[in-house]
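To start, the structure itself, in structure tokens.
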Amino acid sequence: MAAADLSILMVAVLHEAMTDLHALNPSVDPDLPGMFARFVGWTGRGPLSPAR
């Protein structure tokens, strides 16, 4: 999987997580910078291992 593909996938997963969090507790605002760092931020930190 290319790094760009992984980043796009993780953005989609982040969107789902934000939707789920809002559905479970609409009165609480999520930590968006923290969630971005946990879901997407790490994906750009270097090359991935080649697929086997």
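Here the CZ atom belonging to F39 is positioned 9.5 Å from the CD atom belonging to E16, to the nearest 0.5 angstrom. The distance from atom CE of M35 to atom CG of L21, rounded to the nearest 0.5 Å, is 5.0 Å. Rounded to the nearest 0.5 angstrom, D5 CG and M10 CE are separated by 13.5 Å.
With a 4.5 Å cut-off on side-chain heavy atoms, L32 and M18 count as touching.
Shown here are the side-chain hydrogen bond (donor to acceptor under 3.5 Å, both in side chains) partners of S27, two or more places apart in sequence or in another chain: N25.
A continuous path of Ile, Leu, Val, Met, Phe, Trp and Tyr side chains, each step under 4.5 Å between heavy atoms, connects W42 with V13, placing both in one hydrophobic cluster.
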